[in-house]
Amino acid sequence: MAHGFIASQKGIDMEVEGREIFRELIRRSLLQRKIVTESRSRPLLPISSYTYSSEKGRVCTMHDLIHDLAHFVMENECFMSLYSSAAPEISTRPCHLNLLIDKNYNQVDCSTIHTGLHCRRDSSVLSRLKFVRVLDLSSTRIKELPASIEHLHHLRYLDISDNPIRKLPESICMLVNLQTLKLYSCRKLSELPKSITYMNSLRHFLFDRLNLKALPTGLSQLQNLKTLTGYTVGDDAENSIGQLKSLNPFGEFALYNIQKMKNADDARKADMGNKKLIQTLKLNWIASSPGNDYEYCLMENAEEVLEALKPPSGVKELTVSYYPGKQLPMWMGEMQQFQYLYCIELSECRECEQLPPLETLPNLADLRISGMDGIKHILNNSRGNALQSFPALRGLNLYSMMNLEGWCVEEGREANLSLFPCLIQMNIRRCPKLTTMPPIPTLQELSMEQSFCKTQISLVSKERRFFKHLKSLRRLKINPCTEELVLLLADEKNFQVSRHGVFGARNATPYFTIQIRIVSLS
């Protein structure tokens with residue numbers, strides 16, 4: 001889009017055309033899909049952070065032969081950093097340049113450059129990029145945008161993510177052709193210019209965890225805006241939830257400071273159910289970047305507000321954080337309504353006393369629950385005659401569920417149904433009162449940290465009943481683990497046990513972290 005490669009057709013958005021072109025490149029094997037995962041530390045205030053694995057994004061790679069061909073065709077126009085002494089000399093008239101490479105730009109005709117990546121060495125070169133269309137300044141440690149950026153009238157794509165920048169200049173509105181503005185991980189950014197509402201060409205405004213009290217008034221005036229990754233509800237009418245009514249963002253959308261909504265009628269002004277293009281929805285009762293002075297809010301009508309924020313039926317991922325109500329809405333478990341919902345994260349909903357019937361969702365593959373001390377069982381509903389609960393779930397993460405006691409509120413029910421028939425990975429951390437493990441024949445990886453505190457020995461002993469119904473288990477991690485349990489597990493002939501570190505005070509009973517690679521289970 002930024003380079004004008006996508007021909008716009010009347011009545012069809014460029015994004016629709018672009019996605020079809022991208023799919024065609026993949027179908028022709030010019031590009032190859034690849035899913036990258038990452039392990040990162042997520043803060044769950046006021047609890048200490050924990051590490052979990054998530055999908056970082058869908059990226060594409062290029063086969064070596066296709067890459068060599070592309071490089072041959074573009075050798076006089078495109079110069080990327082090769083991180084080697086054999087890097088080629090820069091042409092005097094390049095079109096696409098990686099400014100990270102250590103070269104002398106004084107001999108380069110910058111008027112021909114349309115793409116500038118990683119301007120880390122010398123920001124003064126920006127004033128010479130008069131015709132640049134794509135500018136990537138991400139991770140360059142800049143604290144402010146240079147004043148010369150307002151003269152880049154042809155700029156269509158600007159990425160200043162992952163920088164300690166504190167504010168953007170009002171003159172940014174001079175970028176009249178800018179289509180995409182990315183501000184990911186700019187956590188010190190506390191203010192956006194009011195003039196941003198005059199950037200009529202802006203189509204994609206992407207950010208996360210900004211330290212903003214409110215977004216500029218008038219974002220609804222941006223008629224071409226297709227992607228808005230978040231909105232912070234403010235105190236005054238100009239920053240109320242009603243600003244969202246005319247917007248229909250695509251992809252990911254996060255709503256912050258929901259506690260500032262007055263009532264359910266106020267929440268309905270957002271018209272969330274009709275925003276059909278949202279695929280990932282995050283509902284937060286806090287600011288996007290809560291500080292150390294964060295206080296858990298209380299809200300009398302929280303349940304009515306969340307009920308009124310019911311997402312569109314096509315949503316695929318749903319996150320609810322710091323919700324202060326006692327009951328989660330029943331629409332979360334409507335299997336007819338949410339056929340495409342495959343990921344749910346519930347975080348720090350401390351007042352909740354039971355979960356909605358999530359086990360009925362037909363395509364739920366990833367479930368993460370943390371910081372919900374009021375929950376005692378995962379399954380609470382006796383309604384329904386389904387023989388399988390969580391029929392498509394493949395990953396389950398339970399963190400800091402201090403009062404979680406078991407899986408089904410009805411004793412013996414878990415033995416009469418197929419619980420987690422497709423589960424592959426389970427991580428349980430800080431669930432000290434949990435005492436039982438359901439039979440999960442498909443489970444391959446199990447991590448238990450600071451959980452089953454009083455039942456570790458009894459869980460794995462007595463004719464190995466712990467492993468009897470875990471026939472596919474290949475990796476087990478237990479932390480902390482007593483010396484007695486280490487010896488018990490090491491005695492199994494099919495286990496390869498490795499233990500790391502000793503935990504506990506001097507002269508106290510030693511505790512270990514053990515990791516077991518299971519060769520086979522007969």
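Predicted, not measured: the structure shown is a model, and the values here were computed from it.
Residues passing the side-chain hydrogen bond (donor to acceptor under 3.5 Å, both in side chains) test with K182 are Y157, sequence neighbours excluded. Applying the side-chain hydrogen bond (donor to acceptor under 3.5 Å, both in side chains) rule to S447 yields no partners; only residues at least two apart in sequence or on another chain are considered. F205 meets the ring-ring contact (aromatic ring centres under 6.0 Å, His included) test with F207; sequence neighbours excluded.
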Begin with the C-alpha distance, continue with both residues' side-chain angles, and end with the deciding distance and a verdict on side-chain contact (heavy atoms from CB on, under 4.5 Å) for R429 and Q450. CA-CA 6 Å; R429 186 176 179 187; Q450 298 174 302; 4.1 Å; yes
Intermediate values then yes/no, side-chain contact (heavy atoms from CB on, under 4.5 Å), L183 and L192: CA-CA 11 Å; L183 300 171; L192 291 176; 4.0 Å; yes
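Using a 4.0 Å cut-off between charged nitrogen and carboxylate oxygen, E15 and R19 do not count as a salt-bridge pair. Salt bridge status for E20 with R27: present, with a side-chain N to carboxylate O gap under 4.0 Å.
Side chain of N363 to backbone of Q339: a donor-acceptor contact under 3.5 angstrom is found. A donor-acceptor pair under 3.5 Å links the side-chain atoms of K275 to the main chain of L247, judged by distance alone.
Closest approach of L423 and G395 over heavy atoms only: CD1-N, 3.7 Å. Listed here is the closest heavy atom pair of T227 and H204: OG1-ND1, 2.7 Å. Taking all atoms of both residues into account, the shortest heavy-atom contact from F22 to C60 is CE2-SG, 3.7 Å. Shortest non-hydrogen contact noted between P324 and W285 is CD-CD1, 3.4 Å.
Of the N and O atoms on the side chains of N397 and N427, at least one donor lies less than 3.5 Å from an acceptor on the other residue. Checked by atom type, the side-chain pair D162/S139 shows a donor-acceptor distance below 3.5 Å. Q221 and T197 form no side-chain donor-acceptor contact under 3.5 Å, judged by distance and modelled atom types alone.
Within 6.0 Å of NZ on K130 lie no more than 12 heavy atoms contributed by other residues, nucleotides or ligands.
The shortest distance between side-chain heavy atoms of F253 and K282 does not fall below 4.5 Å.
Ring geometry for H71 against H67 counts as parallel: the plane angle stays under 30°, on a 0 to 90° scale with 60° as the upper cut. Using bins of under 30°, 30° to 60° and over 60° for the plane-to-plane angle, the ring pair H3/H96 lands in the perpendicular bin.
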